[in-house]
Amino acid sequence: MSYELVAGLETHIELSTKTKIFCNCTTEFGGEPNTHCCPICIGLPGTLPKLNKNVVKYAVKAGLATNCSIRNISKMDRKNYVYPDLPKAYQISQFDKPLCENGYISLSTGKNINITRIHIEEDAGKLVHQRGDTYIDYNRGGVPLVEIVTEPDFRSIDEVVEYIEKLRLIMKYIGVSDVKMQEGSLRCDVNISVRKYGDNDLGIRTEIKNMNSLSFIAKAMEYEFNRQIDIIENGGIIEQETRRYNSDLNITESMRKKEDADDYRYFRDPDLVTISIMDEQIQQIKNELPELPSVKLKRFVEDYNLPIQDAELLVKYKKVAEYFEEACIKIENHKVVSNFILSQIFRTLSTETEKEDFNILIPPSYLNELVKLTETKKINSSLARITLEKMLETGKPLSEFITEKHLQGIDENTLKSICEKAVLANEKAVNEYLNGKEKAFGSIIGYIMKETKGNADAALATEIIKTIIS
Ligand code: ADP
Ligand code: MG
Ligand code: ZN
């Protein structure tokens, strides 16, 4: 019997506003424990929270960028629970009137993953387990979050991974979060169930909490999918429960069952005023949004005539995309620009962070100049490659490396005589080539390149040699 996977995601993203959601403390990651705190964010009695307007603005941006409708009137609610990471014993969140609703993100297959809601809330502190004791660091307490909840629309692990990647990229583009998964500024709860293919009803789900690595999410889902199928195949029933992923053992383990599910006794927070946003303000925020990754991707394929794989790689890093566009000015074959970036320049940037930061020594205008020279056939591709390498190392423009002599190139007669010389000097290679060893030809061309310091047109030289020796 074959089973279908069904999943829905709840994603928490820390917003990169300068200050926290209800006080003026910094949201900066790290720092000495309990130094980014004040009476408000450690929840001392008698303090009053005041909502940071930028948090609302950022969340509206996130909602608009994921095709949500924005509620004109919403409010903050208290979610009551007792745990040391939350000194007030309630988290200020949004319950029945979330700021954003009914959005979606499109996957590359064209399928939409529907977003039920996006609401704002405060992050809790962090428990640090050390030397057999538990310490509390409240620096993270009060950092603003959006929680983005999807419908149970996922049918495979790949869809989940693609959704998270797309979501991350959108949030990064619109500048509301640094979405660093390893620092926990994007964390996912994955709800997962199985059902027989063809069934319309959803199966009973489990929820795997708080994961901040794509590979862990994929592994945890794989494990959980198989665990649930095993139970059903053996005549058991799935218990609705919260589980955690244990990466050491690559398993999911039960944290709590539904019977002891929390009753949060949500009620409106009386300390905070109603949030009201006019349509004009929403429109204003919409106007400020940059071009979104999906739109840019489509434009790169259509306007620059790039293969989709190239366009995807360029768009994946906002700064790279911008660099590419500047380097393309007045160039006809944009694929050449893209090739230089994706192969030669990317080779100098080994990590994802390096590609994201894209701190290379040469401005796009230098690459532009180089590509123009290759387009007008003033220099050949091997000289271009060598020159770019030197430019990348030194940050100097191509005029430092390409002389008048290079630009004049080698006229055909000179090249002919060099080719004749090459044939005489490489008798062995010529014979091998004539006997069917294609590879031997390379050493003849190598000789010519050496003689001309990389200045010869390899294609033309090949043609000349072939007429000489045939
Ligand atoms: P709760 O408020 O108890 O967390 P929700 O109904 O809001 O529950 O759902 C939370 C998440 O679980 C949503 O992303 C939703 O799509 C997903 N979900 C709900 N039912 C199922 C199911 N049967 N299988 C998989 N995911 C589900
Ligand atoms: Mg939940
Ligand atoms: Zn504070």
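Predicted model only: the values in this text are computed from it and were never measured. Hydrogens, waters and symmetry mates are skipped; everything else that's a heavy atom, side chains included, is used. Counting starts at 1 for both ligands and their atoms, in listed order. Each residue takes its place number in the sequence, starting with 1.
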Assess whether a salt bridge exists between Arg155 and Glu4, defined as any Lys/Arg side-chain N lying under 4.0 Å from an Asp/Glu carboxylate O.
yes

Using a 4.0 Å heavy-atom cut-off, which part of Asn191 comes near ligand 1: side chain, backbone, both, or neither?
both

Taking NZ, NE, NH1 and NH2 as the nitrogens, is one of them in Arg187 or Glu14 under 4.0 Å from a carboxylate oxygen of the other?
yes

Only heavy atoms of Val149, strictly under 4.0 Å: list the atoms of ligand 1 that pass.
13 (C), 14 (O)

Closer than 4.0 Å to some heavy atom of Pro152 - which atoms of ligand 1 meet that?
16 (O), 26 (N), 27 (C)

If you compare Thr206, Thr150, Ile115 by their heavy atoms, the one closest to atom 13 (C) of ligand 1 turns out to be Thr150

Sub-6.0 Å ring centroid separation between Phe267 and Phe95
no

Which residue pairs pass the salt bridge (Lys or Arg N to Asp or Glu O under 4.0 Å) test when at least one of the two sits in residues 16-32, sequence neighbours left out?
none

Atoms of protein origin (N, O or S) under 2.8 Å from the Zn ion (ligand 3)
Cys23 SG, Cys25 SG, Cys38 SG, Cys41 SG

Less than 6.0 angstrom separating the ring centers of Tyr323 and Phe358, yes or no?
yes

I'd like to know if the side chain of Glu151 pairs up with that of Tyr104 as donor and acceptor (distance under 3.5 Å, no hydrogens or angles considered).
no

Between Tyr304 and Phe324, does the ring centre distance come in under 6.0 Å?
yes

If the cut-off is 4.0 Å to any non-hydrogen atom of Leu202, which atoms of ligand 1 fall inside it?
23 (N)

Quick one, Glu356 with Lys172, criterion salt bridge (charged side-chain N to carboxylate O under 4.0 Å, His left out). Give me CA distance, side-chain angles, the key distance, then yes/no.
CA-CA 10 Å; Glu356 246 149 47; Lys172 212 181 306 170; 2.8 Å; yes

Mode of Leu9 contact toward ligand 1 - side chain, backbone, both, neither (heavy atoms, under 4.0 Å):
backbone

Judged by modelled atom types alone, do Glu369 and Ser365 share a side-chain donor-acceptor pair under 3.5 Å?
no

So the atoms of ligand 1 within less than 4.0 Å of a heavy atom of Glu151 turn out to be 16 (O)

Contact check: Glu207 vs ligand 1, nitrogen or oxygen atoms, below 3.5 angstrom
no

Is the distance between the ring centroids of Phe154 and Tyr163 less than 6.0 Å?
yes

